[in-house]
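The next block holds one structure in the form of structure tokens; read it before the comments.
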Number of protein chains: 2
Amino acid sequence: MDEPKPLRPTSEATLRRLPIYHHLLQKRLSTGIKTISCSQIAEELDYDATQIRKDLAVTGIKGRPKVGYDLAALILSIETFLGWSRVRKAFLAGSGHLGSALLGYNRFSHYGLDIVAAFDRDPDRVGTKVHGREVLPINKLAGLAKRMRVEVGIITVPAPVAQEVADFMVSGGIRAIWNFAPTKINVPAGVIVQNEDLYSSLGVLLQKLSAAHRLV
Amino acid sequence: MDEPKPLRPTSEATLRRLPIYHHLLQKRLSTGIKTISCSQIAEELDYDATQIRKDLAVTGIKGRPKVGYDLAALILSIETFLGWSRVRKAFLAGSGHLGSALLGYNRFSHYGLDIVAAFDRDPDRVGTKVHGREVLPINKLAGLAKRMRVEVGIITVPAPVAQEVADFMVSGGIRAIWNFAPTKINVPAGVIVQNEDLYSSLGVLLQKLSAAHRLV
DNA sequence: TTACAGTAGAGAATTATTTCTCGATTCTAC
DNA sequence: GTAGAATCGAGAAATAATTCTCTACTGTAA
Ligand SMILES: NC(=O)c1ccc[n+]([C@@H]2O[C@H](COP(=O)([O-])OP(=O)(O)OC[C@H]3O[C@@H](n4cnc5c(N)ncnc54)[C@H](O)[C@@H]3O)[C@@H](O)[C@H]2O)c1
Ligand SMILES: NC(=O)c1ccc[n+]([C@@H]2O[C@H](COP(=O)([O-])OP(=O)(O)OC[C@H]3O[C@@H](n4cnc5c(N)ncnc54)[C@H](O)[C@@H]3O)[C@@H](O)[C@H]2O)c1
């Protein structure tokens with residue numbers, strides 16, 4: 001009776017909902033309340049209370065009947081589970097429109113990510129500063145990543161060069177890639193890729209709008 | 001025997017995958033090939049071929065055994081299904097970091113979306129131009145949306161004011177909202193909201209990275 | 001012509017996720 | 001104290017999504 005559970009990894013759906021709860025909980029924290037129940041969260045977000053209870057359970061938090069969860073403890077539990085309590089260094093490749101927006105967003109450091117430098121191929125960009133971070137030549141990425149023990153790579157370059165940039169990241173020892181380019185990138189086993197495809201989101205929105213049209 | 005099928009709406013998972021196929025198909029189109037099969041797509045994207053077949057079926061495309069699908073017809077079928085073939089006007093609220101990045105991205109017009117104007121509350125921003133689009137005062141949003149028959153609203157304002165901006169959009173007759181603020185917005189029935197929560201994406205990435213650490 | 005291999009499409013089986021049900025617990029009010 | 005209401009937590013049931021299986025079709029090559 002050593003490993004009775006197969007210990008499945010947490011479902012992606014649950015992982016995506018946890019930050020949504022986190023936003024709400026933080027908002028509530030500032031109002032001064034001390035506890036919150038699943039039914040209250042459910043009411044606010046229009047989710048099913050049982051689903052929220054199961055989601056929160058994966059973080060290891062324990063609630064009390066009739067009361068709910070301790071708000072501060074719950075926030076901490078989510079942050080710990082998601083890996084937001086330990087800040088990891090990140091390199092961003094492609095300091096264009098989207099890359100600059102991410103660099104300008106100083107809130108990621110509260111969510112486990114510290115973008116320490118940006119990289120680009122364009123000589124006009126290299127050497128400039130974007131929101132306080134220096135832009136370095138892309139060919140320095142791998143070496144620096146290794147030296148600085150950078151764990152996360154962010155790809156905001158055009159799709160045709162995304163694979164090449166990902167290869168630099170992998171060779172620099174980066175083990176998790178946040179990919180904003182609308183293309184699949186191939187990485188060796190053990191490297192985590194999280195695609196953020198805005199077209200998928202846009203596709204869902206516009207399809208629903210079109211479908212609504214067709215019905216009415 | 002009039003409505004034998006309940007006609008369920010297409011699942012969100014399928015809707016999110018269709019744009020991913022679209023990216024690949026477009027890339028293939030430029031190589032000159034004329035047809036493509038599910039097994040080829042599956043090989044490339046590391047998906048299950050049957051899943052791809054079922055996904056593509058919802059767009060109404062018909063394939064031929066041993067051959068696959070006509071590439072150009074398939075692309076068109078996806079575009080039509082997702083509502084990308086008819087371009088809809090959009091207003092963007094919040095011309096900050098992220099809003100500017102979206103305004104600078106001229107490719108959305110090929111994907112059914114034409115951002116025609118931006119809105120902001122900051123007097124320093126109002127009156128300027130961001131990537132060719134004028135920034136107008138936020139209090140003009142509702143009236144102009146109604147007059148110009150704008151269908152889509154994009155929210156890139158800070159979370160605490162997202163609801164207020166959404167209300168302006170709804171009162172201007174906007175029926176689909178692409179929300180980048182990390183907060184729930186409440187809208188009347190019939191209005192479509194698509195949340196694009198970068199923290200969800202980041203949460204998935206970092207949790208997987210943490211979990212990988214724990215195992216090794 | 002004929003065998004063969006690759007593939008779409010439909011439906012069944014499997015797996016994953018969400019929702020329901022119920023017992024146990026804990027707070028509040030009487 | 002005791003009754004009642006709210007809620008957690010665990011397991012069962014229902015629902016949804018994915019993967020498997022089989023048949024029929026189509027092009028290619030012997
Ligand atoms: N901006 C958006 O709103 C938006 C929306 C959806 C998707 N995207 C995707 O995000 C990515 C970036 O978009 P963007 O609008 O910021 O583009 P952009 O052209 O503004 O920026 C791209 C940057 O990458 C740099 N670059 C090009 N090749 C490089 C290389 N080999 N190595 C390092 N840097 C290189 C360029 O010099 C440029 O600075 C694209 O893949 C795009 O499809 C952007
Ligand atoms: N920039 C990013 O990388 C990033 C990442 C994740 C999430 N987000 C989210 O996107 C949103 C925008 O982020 P940002 O970095 O662009 O912020 P930002 O501060 O650069 O831009 C916000 C803009 O909204 C305007 N604004 C404020 N109140 C307004 C109102 N009532 N009406 C109209 N305009 C108003 C401001 O003047 C400013 O121009 C935020 O909700 C943020 O959480 C941004």
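Since we're looking at a predicted model, the values are computed, not measured.
Following rounding to the nearest Å, A/E43 (CD) and D/dA6 (P) show an atom-to-atom distance of 13 Å. D/dA16 atom P lies 15 Å from atom CG of B/L15, rounded to whole Å. Atom P of nucleotide D/dA17 and atom CG of B/L18 are separated by 14 Å, given to the nearest angstrom. One atom, CZ of A/R16, and another, P of C/dT17, lie 14 Å apart when rounded to the nearest Å. Straight-line distance from the CD atom of A/E12 to the P atom of C/dT18: 12 Å, rounded to whole Å. The CD atom of B/Q51 sits 14 Å away from the C1' atom of C/dT14 (whole-angstrom rounding). Rounded to an integer number of Å, the gap from CG of B/D48 to C1' of C/dT15 is 13 Å. We find that CG of A/D55 is positioned 14 Å from C1' of D/dG9, with the value rounded to whole Å.
A donor-acceptor distance shorter than 3.5 angstrom exists from the side chain of A/D48 to the backbone of A/T50, with no hydrogens or angles considered. With B/K89 contributing its side chain and B/A145 its backbone, the two residues share no donor-acceptor pair below 3.5 Å. In terms of modelled atom types and a separation under 3.5 Å, the side chain of B/Q40 and the main chain of B/S37 share a donor-acceptor contact. Formation of a donor-acceptor pair under 3.5 Å by the B/D120 side chain with backbone atoms of B/S95 is found in this model. In this structure a side-chain-to-backbone donor-acceptor pair under 3.5 Å is present from B/H23 to B/P19.
Checked by atom type, the side-chain pair B/D167/B/Q163 shows a donor-acceptor distance below 3.5 Å.
At C/dT17, none of the side-chain N or O atoms of A/R17 fall inside 4.0 Å of OP1 or OP2 (strictly under the cut-off).
For the atom pair CG (A/L103) and CZ (A/F108), the distance works out to 9.5 Å, reported to the nearest 0.5 Å.
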- Query: Could you walk me through whether B/H110 and B/Q26 pass the side chain to side chain donor-acceptor pair (under 3.5 Å) check?
  - Reply: CA-CA 12 Å; B/H110 299 297; B/Q26 289 255 274; over 6 Å; no
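Relative orientation of the B/W84 and B/H22 rings is perpendicular, given thresholds of 30° and 60° on the angle between their planes.
Near DNA chain C, meaning a heavy atom under 4.0 Å away, there are no residues from residues 198-209 of chain B.
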- Base, backbone or nothing for each nucleotide of nucleotides 4-10 of chain C, written B, S, -, heavy atoms under 4.0 angstrom, 5' to 3'? -BBBBB-
